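Read the structure below first, then the notes.
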Amino acid sequence: MTSNDKPKDGSEEPRPASPRGRQASRQAPQPVEPRPRRYMVAALPQPHPAAPGAAVPALDGDTVRRLLEDDPEVRVLRRLRGTAGNPGAQAPGFPAVVVAEMTAEHVEALRRQYPQLYFERDRLLTYSDVPQPPRRRRSAPAVVPPGVESTFTFLVRDADGTPLPGASILVTGHGWPAQTSTGADGRAVVTMVGETPESINGVTVRPRSGYWSVHIDRPALSTTRDNLIEPVRLSETFIGFPGRQVFGWGQQAMNLDRLPPTLRGAGVRIAIIDSGADVRHPDLRDRLHAGVDLVGGEPDGWSVDAAYHGSHCAAVVSGADDGRGVVGFAVEAEVHVCKIFPSGRFSDLIEALDYCVEQRIDVVNLSLVSRHHSPLVAAKIEQAREAGVACVVAAGNDGGPVGFPGILPGVLTVAAVGKADAFPPGTAHEAEIRGPVTGDGFFSPRFTCHGPEIDVCAPGVAVLSAVPPDGYAALDGTSMAAPHVAGLAALVLAHHGDFRGPFSGRDARRVDHLFHIIKSSCVPLNLGDLHRTGAGMPNALRALAPALAQITPEPVEADTLLGQLTAEMTGAGLLVPAAGGPDGEPGHSGRDGQAGPGVQPGMAPQAAYGVAASANGPVPGGLVTGGRRGRSTATGGTSSSTGRGGTGSRSKRGGTAADRPYATGPGGGRTPGGAAGDVPGAPRTANGTPAGGSGPAGGEQAAAMAWLREEMRAAGLLDEDPGDPAE
């Protein structure tokens, strides 16, 4: 019985008061028997089938519960209340469900006796992360004599000799794999039955946090001494981390780091249905607003995450933008947590979705999967869709067909992609590389599920995010890909004008239009199989193009700063002087009396800046580096960018290639998230295609000014911001 199971009288079973009590309860041995199966039982909606030649009375939820409670071969655990259908929705109401344990034989007897009842297995759900690297099977494995066994002792520590407790170790050979974790001294012992040191195929070590994983193919293991493994610190890759805030490679690939600071997801509610989320973590503290614990039933149980899974997903969606650690997509969204893991089942998911409908949640992240279909769960997800709740679902990680509920038509199903330069060599992430690999390094990992149900793909290999209590880990899985898309969905709902106009109602049309915008924003990835990538990787700049087009700088600031900055740039030789202003008027005066280009009415800002002759290439249309999410400040005739996490003259957002180890490219060039010829920030239609017209755009002007300020700082023409802690 799991911790949320209750006896028939509704009272909680007494729990052991101490570890000693738990040990005492195990003194008397008991035969090991098969566990009873758990079922969800509901009365079929009218008209229900009738037994041949007999009238079958209708049953309601209360009658069903009493019927099962009075059955000595049934153990009732709990009841899920029924809900009415949404007004005007096509989906019918949802019946009351009784969750009970019984044998399969008794279920068949009840089906014959009560044909108006519906029985469905209440199956376990699994996380959508990667439990182990793919095994490389040999066509002719060695034959090991029966009774042979090998014992290996591992010592896991860092380069300074500090032991790493709690690191998981997976050893694979020709037979069954073995898994264990290190103790306080960093040591762990693994005994492999039927294996020799020569038959071991691989060893994978995953520290809890703060370090990269290690994967060794065909390891030379010893049975007589410690086998030493030294993982590499994350801070050796991300310099200054976690004291310096970084964008993940996936957020950069999706162009999150190029959005202006005003797009932060305020007013949108997101739910993470997972293993809870640790409110002690600096990147989650004050970011998690409410939740429900469907595992233990504790009032604040949702704020504890023993599995490390839900916290990781929550920080990808909405990690705090506080200048340290990681930053999420929708940092001002209202985040709710529904805890159903460990031991999460279909019935728990139904109850969590009921919570989401009641709380008027906008976007739900479902980083979970099952190999079995559930009509009851499918009906509940459709009911949530009719109520305006958008479900973003992980595809699954066993490398096969898409799992449930990702196969449903009313959800947005996300596959995982990786990037070859996003992690150091020798890690477990490297073992997931599957060809082909694009010129930018993108690949479809071995583990991701695939099929025609895949809608989009998102970063799901070596995703850096928060884990309890205050650490960080780089994890793999479609579990990590789905939160990238859920976070972007929250930004679109918060800032795209369509959801304040024709799609403002909470109904299925709203959900479908949201999914259409996300899919239309995608940049296709040619990885040899569309069933592994769907429409491609969503692009935040394309998805939010209408919102970007409405960002207009203050006219006085724009004109004044533009004149001063272009004059300084021209004087420094970074721009070619314009021949003259409109109607033959000279442009702004630069240094040494040199004429600079002026801003001319009717001329696009790039042309006014003499962008074709810029020493550093075209002016990028997207907003560039600043502090927290690119925030810029300007006072009088000088301007500076405030930021955290940068080095040199550029701050964390965008930055230089040297600032971003395993980054996607220099800030001013084409990033992997953008298509060829794409000018991020330029006016676009709702589906992400460039809009027509050649007049000036407020968003372009603001972007160009931000770029000019950064170039002047880099050239030493503007002082660094003394208030910037990164300088």
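What you see is a predicted model, and the numbers here were worked out from it, not measured in a lab. The first residue of the sequence shown is numbered 1, and numbering continues consecutively from there.
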ask   = Between D122 and R37, is there a salt bridge with N-O shorter than 4.0 Å?
value = no
task = Using atom types as modelled and distance alone, determine if a side-chain donor or acceptor of R111 lies under 3.5 Å from a backbone N or O of F119.
result = yes
Side-chain donor-acceptor contact under 3.5 Å, S181 with S168 = no
remark   = Nearest heavy-atom approach of V364 to C356 is CG2-SG, 3.7 Å
query = Counting N and O atoms only, with roles assigned by atom type, does the side chain of R446 sit under 3.5 Å from a partner on the main chain of A431, one being a donor and the other an acceptor?
reply = yes
task = Output, in order, the C-alpha distance, side-chain angles, deciding distance and verdict of side chain to side chain contact (heavy atoms under 4.5 Å, CB included) for F515 and D455.
result = CA-CA 9 Å; F515 292 167; D455 293 304; over 6 Å; no
query = Going by heavy atoms in the side chains, are L376 and F94 under 4.5 Å from each other?
reply = yes
query = Do T180 and V189 touch side chain to side chain, with heavy atoms closer than 4.5 Å?
reply = no
ask   = OG/S370 to CZ/R121 distance, rounded to the nearest 0.5 angstrom?
value = 10.0 Å
remark   = I340 and A352 have their tightest heavy-atom pair at CG2-CB, 4.2 Å
inquiry  = For a 4.5 angstrom cut-off between non-hydrogen side-chain atoms, does E382 reach R385?
reply    = yes
task = Output every pair passing ring pair (Phe, Tyr, Trp, His ring centres under 6.0 Å) with a member in residues 380-413, not counting sequence neighbours, ordered by first then second residue.
result = F346-F404, H373-F404
key: Under 3.5 Å side-chain donor-acceptor pair for S374 and K380   = no
key: pair T448-R532: side-chain heavy atoms closer than 4.5 Å   = yes
query = At their closest point, which heavy atom of A167 faces which heavy atom of V156, and how far apart are they?
reply = CB-CG1, 4.3 Å
Inter-residue atom distance L117.CG - T63.OG1, 0.5 Å rounding = 10.0 Å
task = Give a yes or no on whether the backbone of E195 and the side-chain of S150 come within a donor-acceptor separation of less than 3.5 Å.
result = yes
task = Ignoring hydrogens and angles, state whether a donor on the side chain of R78 or S347 is under 3.5 Å from an acceptor on the partner side chain.
result = yes
query = Roughly how far, to the nearest 0.5 Å, is OG1 of T103 from CD of E108?
reply = 10.0 Å
message = Check whether D354 reaches the backbone of V357 with its side chain - one donor and one acceptor, N or O, closer than 3.5 Å.
response = no
Donor-acceptor pair, side chain of H281 and main chain of G471, under 3.5 angstrom = yes
inquiry  = Taking R206's backbone N and O only, do any of them form a donor-acceptor pair with S213's side chain (distance below 3.5 Å, no angle check)?
reply    = no
key: Shortest non-hydrogen contact between L368 and V393, atoms and distance   = O-CG1, 4.5 Å
ask   = Side chain of E334, backbone of I361: donor and acceptor closer than 3.5 Å?
value = no
request  = Would you name the heavy atoms of C449 and D398 that are closest together and state the gap between them?
outcome  = SG-OD1, 3.1 Å
key: side chain to side chain donor-acceptor pair (under 3.5 Å) between H309 and S367, worked out   = CA-CA 9 Å; H309 193 265; S367 291; 5.6 Å; no
Stepwise side chain to side chain contact (heavy atoms under 4.5 Å, CB included) test for Y355 and I273 = CA-CA 10 Å; Y355 173 91; I273 300 181; over 6 Å; no
inquiry  = Less than 4.0 angstrom from a charged side-chain N to a carboxylate O is my criterion; do R66 and E69 meet it?
reply    = no
message = What I'd like to find out is whether the side chain of W302 reaches to under 4.5 Å of the side chain of V279, using heavy atoms alone.
response = yes
message = Check whether R287 reaches the backbone of S318 with its side chain - one donor and one acceptor, N or O, closer than 3.5 Å.
response = yes
request  = Applying side-chain contact (heavy atoms from CB on, under 4.5 Å) between L294 and each of R345, K339, E351, report the one that passes.
outcome  = E351
task = Would you mind reporting whether V463 and H484 have side-chain heavy atoms less than 4.5 Å apart?
result = yes
CG-OG1 distance between L366 and T478, expressed to the nearest 0.5 angstrom = 11.5 Å
query = What orientation do Y127 and F341 show, parallel under 30°, tilted 30 to 60°, or perpendicular over 60°?
reply = tilted
inquiry  = Rounded at 0.5 Å granularity, tell me how far OH in Y39 sits from CG in L68.
reply    = 13.0 Å
key: Test item: L412 and K519 side chains (from C-beta on) under 4.5 Å apart, heavy atoms   = yes
inquiry  = Could you check whether any side-chain N or O of D305 sits under 3.5 Å from a backbone N or O of S311, counting only pairs where one atom can act as donor and the other as acceptor?
reply    = yes
inquiry  = For a 4.5 angstrom cut-off between non-hydrogen side-chain atoms, does I454 reach H531?
reply    = no
Stepwise side chain to side chain contact (heavy atoms under 4.5 Å, CB included) check, F154 with T182 = CA-CA 8 Å; F154 294 92; T182 57; 5.8 Å; no
request  = Apply side chain to side chain contact (heavy atoms under 4.5 Å, CB included) to the pair V369 and N397, showing each step before the final yes or no.
outcome  = CA-CA 9 Å; V369 71; N397 299 317; over 6 Å; no
ask   = From D293 CG over to E298 CD, what is the distance, rounded to the nearest 0.5 angstrom?
value = 6.5 Å
task = Provide the closest heavy-atom pair for P95 versus A43 in the form atom of the first, atom of the second, distance.
result = CB-O, 4.0 Å
query = Are the side chain of S275 and the backbone N or O of G310 linked by a donor-acceptor pair below 3.5 Å?
reply = yes
